[in-house]
Amino acid sequence: MLREDGFPAVFDRYSNSFLKIYFPIPEGRENEIARKVLIKHLQSGNSYGIQLKERHAKFPQPELGRGSSVTDRRPRVEALDARGLGATDH
């Protein structure tokens, strides 16, 4: 478990920032709680780095949670007939 300004914290690598944890953490469960806090933060869609990644990613990205609004960037595949022509090539 990391510490930031005297508080337990977890590092969000997407936004290059610390998430401070302001509630008591039971001894021996620090890593578990840190993981859960980070995952919940990323799934909520509140991570600025995730928002930037969605907008500017070169390739399609898997959704991290319901707060994520990844658009389908897959190339369109057109069906070809037996001659190898698409519907618009006739």
Flag, side chain of Arg3 to backbone of Gly6, donor-acceptor distance under 3.5 Å: yes
Give the table of side-chain donor-acceptor pairs shorter than 3.5 Å for residues 17-25, with sequence neighbours excluded, one pair per line with atom names and distance.
residue	atom	partner	partner atom	Å
Ser17	OG	Ser15	OG	2.9
Lys20	NZ	Asp5	OD2	2.8

Residue pair Val10 / Leu2, side-chain heavy-atom distance below 4.5 Å: no
Nearest non-hydrogen partners of Glu4 and Ala9, listed with the distance: CB-CB, 3.9 Å
Same apolar cluster: Leu38 and Met1, side chain cutoff 4.5 Å: yes
Note: Arg29-Glu32 ion pair, threshold 4.0 Å (strictly below): yes
